[in-house]
Amino acid sequence: MIAVTRSGGYTLIEVLISVSVFAVLSGSVYLTLSAMADAASVQRERSEALAELQLTVARLDADLRQLVSRPVRATGGGLAPALQGQDRVIEGTRAGWGNFAQQRRSQLQRFSWRQVGTTLQRQYFLVTDGSSQASSQIETVLQGVQAFDIAYRSADGQWQDQWPAAAGVEALPTAVRYRLQQADFGLIERIVVL
C-alpha cells in the first residue's frame, strides 16, 4: 500500500473562493466610499451656496441699516433723494464706509441693488455727489435669483412700491421689506426697520 501524505498548501478551489469573497468585499467598500464622496461634494456645494446667500442678505441688511438722510447732487444738477427706489431697484446713501487707507474721501457711500437677469448686483459709487456710471463699481453678489422685490413703509404705516412716495428728498421710510426668490433656497423675506 502506498501512503498518500497531504502537503500543507491550499487547494485551487479554496484560493478561488477566498479571491471571490475579497472581490465582493472590495466592491462593496468601493461603492460605499464613492457614495460618501459624492454626498460630501453635494454637501460642500450646498454649504457654499448657503454661505453666498447669507453674505448677500447680511450685506443688503447692512446697507439698509446704515442709510442716512442725505440727498445727493445729481449729475445734471439738482438734488436726488437720499433713498430712491422702485419695486426691483433701490439706491441710497449709507454711512460707515471704512477708510482704512486714510484716503481723502467721505465715509458716506452711494449704493444700489438690482436684479439683472438671474443675478443680484450691487453697485457702489466712488463719489457721493454727482455720481456717474464711470465712477462706479458693479459686483455680482448672488446667482440663481428668480425674483427680487422691494417695498417701502411710509410714516403712516402703508407699504409703497416706490420711494420717495410723497415725502421730501431727505425722508427715509420707516422700514424696507425685500423678498428674494432664489433657485436653491426658495423665498427669503426680510423687513429691515430703519
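Excluded from the calculations below are hydrogen atoms, water molecules and symmetry mates; all remaining heavy atoms, backbone and side chain alike, are included. Sequence positions, counted from 1, serve as the residue numbers for this chain.
Residue Glu139 holds its CD atom at 11.5 Å from OG1 of Thr119, rounded to the nearest 0.5 Å. To the nearest 0.5 Å, atom OG of residue Ser47 and atom CD of residue Glu52 are 12.5 Å apart. Note that the OH atom of Tyr124 and the CZ atom of Arg94 stand 11.5 Å from one another [nearest 0.5 Å]. For the atom pair Ile150 CD1 and Gln162 CD, the distance stands at 12.5 Å (nearest 0.5 Å).
Hydrophobic clustering (side-chain heavy atoms under 4.5 Å, transitive across Ile, Leu, Val, Met, Phe, Trp, Tyr) groups Tyr10 together with Val19. Under a hydrophobic-cluster definition in which Ile, Leu, Val, Met, Phe, Trp and Tyr are linked whenever side-chain heavy atoms come within less than 4.5 Å, directly or via other members, Leu60 and Ile188 are assigned to the same cluster. Note on Val192 and Phe148: same hydrophobic cluster, where clusters join Ile, Leu, Val, Met, Phe, Trp and Tyr whose side-chain heavy atoms are under 4.5 Å apart, directly or indirectly.
Here the closest non-hydrogen pair linking Gln121 and Ile138 is OE1-CG2, 3.6 Å. Closest approach of Gln160 to Ser154, counting heavy atoms only: NE2-OG, 3.7 Å. Listed here is the closest heavy atom pair of Trp113 and Arg59: CZ2-C, 3.9 Å. Shortest non-hydrogen contact noted between Gln109 and Phe125 is CG-O, 4.2 Å. The nearest pair of heavy atoms linking Val57 to Arg190 is CG1-NE, 3.8 Å. Shown here for Leu172 and Ser69, the closest heavy-atom pair between the two residues is CD1-N, 3.9 Å.
Under the 4.5 Å side-chain criterion, counting only non-hydrogen atoms from C-beta, Leu120 is in contact with Leu180. Side-chain atoms of Asp184 and Arg46, non-hydrogen and from C-beta on, do get closer than 4.5 Å to each other. The side-chain heavy atoms of Leu67 and Thr93, taken from C-beta on, include no pair separated by under 4.5 Å. At least one side-chain heavy atom of Leu194 sits less than 4.5 Å from a side-chain heavy atom of Pro173. The side-chain heavy atoms of Arg114 and Val116, taken from C-beta on, include a pair separated by under 4.5 Å. Contact annotation: the side chain of Leu55 never approaches that of Leu53 to less than 4.5 Å [non-hydrogen atoms, C-beta and beyond]. Between Tyr152 and Thr174 there is no side-chain heavy-atom pair separated by less than 4.5 Å.
Screening Arg88, Gln86, Glu189 for a side-chain contact (heavy atoms from CB on, under 4.5 Å) with Asp149, the sole residue that qualifies is Arg88.
Judged by distance alone, the side chain of Trp163 and the main-chain N or O of Ala171 form a donor-acceptor pair under 3.5 Å. At distances below 3.5 Å, not a single donor-acceptor pair connects side-chain atoms of Ser34 with backbone N or O atoms of Tyr30. In terms of modelled atom types and a separation under 3.5 Å, the side chain of Gln66 and the main chain of Asp63 share no donor-acceptor contact. With Glu91 contributing its side chain and Pro81 its backbone, the two residues share no donor-acceptor pair below 3.5 Å. Between the Arg70 side chain and the Ala95 main chain, no donor and acceptor come within less than 3.5 Å of each other. Using a distance-only test at 3.5 Å, with no hydrogens or angles considered, no donor-acceptor pair links the side chain of Ser41 to the main chain of Ala37.
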(request) Check the pair Ile90 / Leu64 against side-chain contact (heavy atoms from CB on, under 4.5 Å), numbers first and verdict last. (result) CA-CA 10 Å; Ile90 187 169; Leu64 294 174; 3.6 Å; yes
(message) Does Gln182 form a side-chain contact (heavy atoms from CB on, under 4.5 Å) with Leu142? I'd like the steps, not just the answer.
(response) CA-CA 9 Å; Gln182 214 257 346; Leu142 188 63; 3.9 Å; yes
(request) Determine, step by step, whether Phe111 and Arg122 satisfy the side-chain contact (heavy atoms from CB on, under 4.5 Å) criterion, reporting the C-alpha distance in whole Å, the side-chain angles of both residues, the deciding distance to 0.1 Å, and the verdict. (result) CA-CA 7 Å; Phe111 69 89; Arg122 181 183 188 271; 3.8 Å; yes
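For the residue pair Tyr178/Asp61, the side-chain donor-acceptor check at 3.5 Å is satisfied. Defined by atom type and a distance below 3.5 Å, a donor-acceptor pair is present between the side-chain atoms of Gln123 and Ser136.
Heavy-atom contacts from other residues, nucleotides or ligands closer than 6.0 Å to CG of Leu25 number more than 12.
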